[in-house]
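Input: a single structure, listed below in structure tokens.
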Number of protein chains: 2
Amino acid sequence: MAIDDLDRSILALLRDDARASYAEMGDRVGLSPSAVKRRMDRMIADDVIQGFTVLIDPEIDGRSTEAYVELFCRGTVAPHELRRVLSGIPDVDEAFTVTGSADAIVRIRARNPPHLEVALEKVRLAPQVDSTRSAIVLSRLFGPRGVD
Amino acid sequence: MAIDDLDRSILALLRDDARASYAEMGDRVGLSPSAVKRRMDRMIADDVIQGFTVLIDPEIDGRSTEAYVELFCRGTVAPHELRRVLSGIPDVDEAFTVTGSADAIVRIRARNPPHLEVALEKVRLAPQVDSTRSAIVLSRLFGPRGVD
DNA sequence: GCTGAAATTAGCCTGTT
DNA sequence: AACAGGCTAATTTCAGC
């Protein structure tokens with residue numbers, strides 16, 4: 001369950017290139033390929049590693065229209081209810097409960113402004129949602145710099 | 001330079017598992033392993049694929065304290081000025097200019113609440129920034145589902 | 001697409017705590 | 001005994017023709 005420095009080194013290598021071979025990673029961290037695989041398998045089983053993914057040019061990916069939407073809800077809403085409803089809207093990419101005047105923030109990533117509008121409408125129609133306040137992204141100044 | 005439906009299918013598979021073998025992807029999209037590799041190599045060369053990375057448990061990763069901060073600026077601020085200032089604050093992970101009453105939104109990811117407070121203070125001290133409005137993330141309901 | 005070369009994977013053995 | 005690493009061999013996957 002606990003993570004040691006060797007595990008952290010492997011994660012750092014994977015962050016840069018998730019398709020690196022066990023042999024190459026082993027060379028870099030001073031382990032045999034099998035030892036690297038065992039550690040990766042364990043981290044996957046322990047859910048330390050939650051998956052491997054590809055970084056795609058956002059333009060090509062065609063989901064460069066982004067918005068942040070604050071949700072203001074009626075009364076008290078159970079987080080899992082909100083999760084169930086919001087996760088059913090495909091263009092809702094992330095959702096959080098937050099401190100402050102809003103109850104939650106969702107990030108929408110759509111193909112273009114009309115798609116964004118449709119997704120926004122779906123969020124507003126959720127039964128728990130009283131009102132929303134949106135900020136549409138005009139330009140990405142930088143980031144993301146870390147990796148999830 | 002252009003991307004066809006087969007390329008898009010390959011990207012979709014990679015998004016779910018960037019360590020999938022060429023053979024497995026070939027089976028799923030109806031191509032030989034070499035054909036899949038040729039397409040991936042081309043997309044990497046064209047910078048459509050910008051890299052492969054790993055999704056790590058945010059807790060383990062140690063930057064699970066997140067906040068979204070709206071920035072309200074004095075007068076007119078050039079986006080590149082904002083980028084220069086904000087990118088100098090390490091825990092600021094992403095920054096956007098947006099529509100609405102705020103001028104920009106930044107996402108902060110810190111190791112723990114004290115680190116978050118320090119980063120927030122730095123943002124507030126930026127000369128262009130007049131005031132801020134923060135929402136600290138209490139819980140991640142889900143996501144991210146897409147990939148940048 | 002085929003084929004030699006390389007990587008992956010599972011089993012077994014060893015040394016350390 | 002429990003655990004982590006290395007080695008080996010069978011299988012799968014890869015990269016150049």
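Just so we're on the same page: letters track the sequence lines, and every chain starts at 1. Side chains included, hydrogens not; waters and symmetry mates left out as well; all remaining heavy atoms used. Note that this is a predicted model, so its numbers are computed, not measured.
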Can you name the residues that form a side chain to side chain donor-acceptor pair (under 3.5 Å) with A:Arg124, not counting sequence neighbours? A:Glu121, A:Thr132
For DNA chain C, the residues among residues 17-29 of chain A that have a non-hydrogen atom under 4.0 Å from it: A:Ser21, A:Tyr22, A:Ala23
Partners meeting side chain to side chain donor-acceptor pair (under 3.5 Å) with B:Asp27 (sequence neighbours left out): none
Identify all pairs in which a protein N or O lies below 3.5 Å from an N or O of nucleotides 7-12 of chain D, and state each distance.
from, atom 1, to, atom 2, distance (Å)
D:dC7, N4, A:Ser34, OG, 2.8

Starting at CE of A:Met40 and ending at P of D:dG5, how long is that distance when rounded to a whole Å? 14 Å
Hydrophobic clusters join Ile, Leu, Val, Met, Phe, Trp and Tyr when side-chain heavy atoms are under 4.5 Å apart, directly or via other members; which others share one with A:Val137? A:Tyr68, A:Phe96, A:Val98, A:Ile105, B:Tyr68, B:Phe96, B:Val98, B:Ile105, B:Val137
Examine distances only and state if a side-chain atom of A:Asp7 and a backbone atom of A:Asp4 form a donor-acceptor pair shorter than 3.5 Å. yes
When rounded to whole Å, the NZ to P distance for the pair B:Lys37 and D:dA15 reads 4 Å
Identify each donor-acceptor pair in which a side-chain atom of residues 28-35 of chain A lies under 3.5 Å from a protein atom, sequence neighbours left out, and give them as a table.
from, atom 1, to, atom 2, distance (Å)
A:Ser32, OG, A:Ala35, N, 3.2

Side chain B:Asp103, main chain B:Cys73, donor-acceptor under 3.5 Å: yes
Please write out which residues are connected to A:Phe72 in a hydrophobic cluster, directly or through intermediates, given that two of Ile, Leu, Val, Met, Phe, Trp, Tyr count as joined at side-chain heavy-atom separations below 4.5 angstrom. none
Round to a whole Å and report the spacing from CG of A:Asp41 to C1' of D:dA4. 14 Å
To the nearest angstrom, the CD1-C1' distance between A:Ile44 and C:dT9 comes to 13 Å
Counterpart residues, salt bridge (Lys or Arg N to Asp or Glu O under 4.0 Å), relative to B:Glu81 (two or more places apart): B:Arg84
Would you say D:dC3 has OP1 or OP2 under 4.0 Å from some side-chain N or O of A:Arg42? no
Check which hydrophobic residues are tied to B:Val77 through side-chain heavy-atom contacts below 4.5 Å, counting indirect links as well, and list them. A:Leu141, A:Phe142, B:Val69, B:Leu71, B:Leu82, B:Leu86, B:Ile89, B:Val92, B:Val106, B:Ile108, B:Leu116, B:Leu120, B:Val123, B:Val129, B:Ile136
Tell me every residue that passes salt bridge (Lys or Arg N to Asp or Glu O under 4.0 Å) with A:Arg19, counting only those two or more places apart in sequence or in another chain. none
Under the side chain to side chain donor-acceptor pair (under 3.5 Å) test, which residues partner B:Ser139, sequence neighbours left out? A:Thr97
Between N or O atoms, less than 3.5 Å apart, protein on one side and nucleotides 14-17 of chain C on the other: list the pairs.
none

